[in-house]
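In what follows, chains are A, B, ... by sequence order, proteins preceding strands, each numbered from 1.
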2 protein chains.
Amino acid sequence: MADIAEDLGVSLMTVSKALRHHSDISEKTRKRVIRRARERGYEPNWMARGLATRRTHVVGLVIPDLMHSFFAEIAKGVASVLDPAGYQVTISNSDENPANEERQISTLIARSVDGFLIGSAERDSGGAKIFKSLRIRKIPYVLFDRLPASAGAHYVGVDDEEVGRLATEHLIEQGCRTIVHLRGHEVSTGVDRVRGYRKALARHGFEFSSRYVIRAGNKEESGVEAMRKLLRLTPRPDGVFCYNDAIAACAIRVALEAGLRVPSDIAIIGSGNFRHSDFLCVPLSSVHQSSLLIGRKSAELLIEIMGSEETVPARRILIPPRLVVRESSLRTAK
Amino acid sequence: MADIAEDLGVSLMTVSKALRHHSDISEKTRKRVIRRARERGYEPNWMARGLATRRTHVVGLVIPDLMHSFFAEIAKGVASVLDPAGYQVTISNSDENPANEERQISTLIARSVDGFLIGSAERDSGGAKIFKSLRIRKIPYVLFDRLPASAGAHYVGVDDEEVGRLATEHLIEQGCRTIVHLRGHEVSTGVDRVRGYRKALARHGFEFSSRYVIRAGNKEESGVEAMRKLLRLTPRPDGVFCYNDAIAACAIRVALEAGLRVPSDIAIIGSGNFRHSDFLCVPLSSVHQSSLLIGRKSAELLIEIMGSEETVPARRILIPPRLVVRESSLRTAK
DNA sequence: TCGTTGTCCGCAAGCGTTTTCGTGCCAGCT
DNA sequence: AGCTGGCACGAAAACGCTTGCGGACAACGA
């Protein structure tokens, strides 16, 4: 930068301001400066700039599990808006472990990132003092997908109650009489879907029984067990709404192994609409959630609140889910 | 930091050195400083430090496609060693597009990251001047999974020739007579697997024909088409080795739709051993590649070469693949 | 006593930007 | 002519840390 200044016979300040389109600089010199900078291949030094401005232009993306393509796609969505906006994204993976999550957020705070995008692994029961700590330091953050009660903040996610409703009503329409829900764990997505499930049952005059809500977590292993348990119920359920597609895939397999036909004996629907649903033994119906959109929207929201000086009133953005019907739930003749 | 110095009645320098375990400082004062620092919750400012030392402690991880769980797992492996070592990882996704890749690496260079981990999307035909530019600037980098001819450098990956050999010989052992390879595109992994396939054929006295190597890329869509083409060949192949599991999943479906039985009419094996292989119509045999290990090893290698002042002679680490047999290729009676 | 060595510590000078506050200059007005 | 006000630019300080060097002091051998 000094070199450029010397080249042009102006001061270093002029160069600095010109490059940042500061209003102080005349159109003419700015052009000259910018041109010369390009010629010399000047790149601003981020550390120096950061040191002076106290902003890093780095945002931390905290994800429960990169291996779920759902979250991987969110990461893509996030990058697709943060990249062009000049932000650097650093991803960290909490492995669904709230303790990890806290630790990672802490180290990112120490690294002084400008903002956070958090898909929290925090259980609603959890303390979540980390969010308080973020608020104290006035570090902007947006939560996505999961909304821990303790976090209370900007949020972007799918309308999970609607997810539950869509899936359940679909099963009802397909003529299922006894509908079970393999639920997720105690994060907002899990809870809300249960609520949607209950509401749908109620609306159609079905009786709700807590025996018909079985905890399956969100990993395959736990799904197998939950499904086995489910099949031992009497009367045997003829419709299953699963927390996610991984669980649903298990469910299908367990059902087939038990000699049942899917969907005629038992209809199964998942949620998340993951990439390989088409390739399962029985192509899986699912409630689609646009993870790309979640990523995009949360990134946009974060940029907005990082930009404004004032603290922005908490905002919630809900993305409507969409039913994708494949074979696993299709019992009506076409 | 100044505060701590004042607290203890020592100079700021002493504090700085003490915190970095500089040899200049007596054990006693160091203890005092460190203790006080903890009490006051001191966190070093990375920008300031970076500005002074010209190192950022950030490494760029460039990945062709986060949505492939293969790469997502590599990312996890990388993080699992870089995190504890005090490095920050920023992931960027090239979408299998060499132009994106170059752009992203460039912006990361401008951000002055300390090193790169690159799973290159570069085709072997490509120019790849970006690698030259890295070498000129003496920025350390390690390639993983893919090894573009033009990159010539530290590399960690699976022994892809061995992948091809394992899969092909397995099919031969299962009694397949006409074995086809649905190959990937022009990256090293694709090319090497073809070579392994050929060698295995040769070793067992099978004839090689280029008609039996069909380009399928690495996405599902292209797989369907390739598989259809394959089924029209005469004599009809009875063994298929697919570039990856996504392609293999397609292959199974297309085969079933065509009225063939898998594996008795046609045996199919993939590569990558992805998470949901168990849930396909026919559980998919695959050649497992430990992506976690790839991630780990490359991160370790990078740390090593970032640490040493001298330029380290190029090293290649090959990870042996492992055959995982499930139903889709199992024709011999048990 | 005097140099010599070694240990522990502090001074000063950066690292590459931005920010705040001038300063000179000219146009335009009275 | 004198004043105001806006415009284009520059000087100096700051951001928080590190590095190179030199200084104080004690212990030690001669």
Side-chain angles (χ1 to χ4, degrees), chain A residues 1-37 40-58 86-88 109-114 137-139 306-307 309, chain B residues 1-38 40-58 86 88 107 109-114 137 307 309:
Chain A
M1 204 152 111
D3 294 348
I4 300 182
E6 196 165 355
D7 276 13
L8 267 48
V10 298
S11 93
L12 197 151
M13 302 300 106
T14 311
V15 176
S16 166
K17 289 179 182 168
L19 289 175
R20 281 174 298 135
H21 299 265
H22 194 290
S23 64
D24 255 18
I25 303 299
S26 74
E27 188 64 19
K28 211 179 91 211
T29 42
R30 184 197 311 162
K31 284 262 202 283
R32 289 206 310 152
V33 169
I34 291 186
R35 193 152 142 272
R36 197 95 192 90
R40 298 189 66 118
Y42 167 80
E43 293 281 359
N45 179 318
W46 283 95
M47 313 246 196
R49 178 172 290 181
L51 189 55
T53 59
R54 322 177 117 306
R55 322 191 69 216
T56 58
H57 280 252
V58 174
Y87 286 94
Q88 192 185 142
I109 291 179
R111 292 248 179 196
S112 54
V113 304
D114 280 354
R137 289 165 210 251
K138 294 195 187 307
I139 304 178
M306 285 192 306
E309 289 304 313
Chain B
M1 203 151 111
D3 294 350
I4 300 182
E6 196 166 352
D7 276 12
L8 267 47
V10 298
S11 93
L12 197 149
M13 301 302 105
T14 311
V15 176
S16 165
K17 289 179 181 168
L19 289 174
R20 282 174 297 133
H21 299 263
H22 195 291
S23 64
D24 256 18
I25 303 297
S26 75
E27 188 65 19
K28 211 180 91 212
T29 42
R30 184 196 310 162
K31 285 260 200 285
R32 289 206 309 151
V33 169
I34 291 186
R35 192 151 143 275
R36 198 94 192 91
R38 227 192 281 292
R40 300 188 67 118
Y42 167 80
E43 292 282 0
N45 179 317
W46 281 95
M47 312 253 185
R49 179 172 289 184
L51 190 55
T53 61
R54 321 176 117 307
R55 321 192 69 215
T56 57
H57 280 251
V58 174
Q88 192 184 144
T107 82
I109 291 179
R111 292 249 180 194
S112 55
V113 303
D114 280 353
R137 290 165 211 250
E309 290 302 314

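- Taking all atoms of both residues into account, the shortest heavy-atom contact from A/Met1 to A/Leu12 is CE-CD2, 3.7 Å.
- B/Ser112 and B/Thr56 get closest at one heavy-atom pair: O-CG2, 2.7 Å.
- D/dG16 atom C1' lies 14 Å from atom CH2 of B/Trp46, rounded to whole Å.
- Of all nucleotides in DNA chain C, those with any atom nearer than 4.0 Å to a heavy atom of chain B start and finish, going 5' to 3', at C/dC8 to C/dG16.
- Atoms CG (A/Leu12) and P (D/dA13) sit 16 Å apart, rounded to a whole Å.
- Rounded to a whole Å, the CG atom of B/Asp3 is 12 Å from the C1' atom of D/dG16.
- B/Asn45 comes within 4.0 angstrom of sugar-phosphate atoms only, judged by non-hydrogen atoms across all strands, and of no base.
- Summarising the geometry, the separation between CG on B/Leu19 and P on D/dT18 is reported as 8 Å, rounded to the nearest angstrom.
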I'd like to know whether B/Ile25 forms a side chain to side chain contact (heavy atoms under 4.5 Å, CB included) with B/Arg20, so could you lay out the CA-CA distance, the side-chain angles of the two residues, the decisive distance to 0.1 Å, and finally the verdict. CA-CA 10 Å; B/Ile25 303 297; B/Arg20 282 174 297 133; over 6 Å; no
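- Within 6.0 Å of atom CZ in B/Arg40, more than 12 heavy atoms from other residues, nucleotides or ligands are found, so the atom counts as buried in its surroundings.
- Protein atom CD of B/Glu43 is 11 Å distant from nucleotide atom P of D/dC17, rounded to whole Å.
- Side-chain N/O atoms of B/Thr53 include none lying less than 4.0 angstrom from OP1 or OP2 on D/dT19.
- Direction of the helix axis in the helix from C/dT1-D/dA30 to C/dT30-D/dA1 shifts by 60° between the two five-pair termini, rounded to 10°.
- Separating the CZ atom of A/Arg55 from the P atom of D/dA14 is a distance of 23 Å, rounded to the nearest angstrom.
- One can place CZ of A/Arg32 at 12 Å from C1' of D/dC9, the figure rounded to the nearest angstrom.
- Here B/Arg49 does not reach the OP1 or OP2 of D/dG16: none of its side-chain N or O atoms lies under 4.0 Å away.
- Taking every heavy atom of both residues into account, B/Leu19 and B/Ile34 meet most closely at CD2-CG1, 4.3 Å.
- Residues B/Arg30 and B/Arg54 each lie close to DNA chain C; by heavy-atom proximity, the contact nearer the 5' end of the strand is made by B/Arg30.
- Between B/Ser16 and D/dT18, a side-chain N or O to OP1/OP2 separation shorter than 4.0 Å is present.
- Here the closest heavy-atom approach between residue A/Arg111 and residue B/Gln88 is recorded as CD-NE2, 2.9 Å.
- Among the protein residues, A/Glu27 comes within range of no part of the nucleic acid, since none of its heavy atoms lies under 4.0 Å from any strand.
- Taking the nucleotide of DNA chain C with the nearest heavy atom to each of A/Asp24 and A/Met1, the more 5' of the two is matched to A/Met1.
- The separation between B/Lys17 atom NZ and D/dC17 atom C1' is 13 Å, rounded to whole Å.
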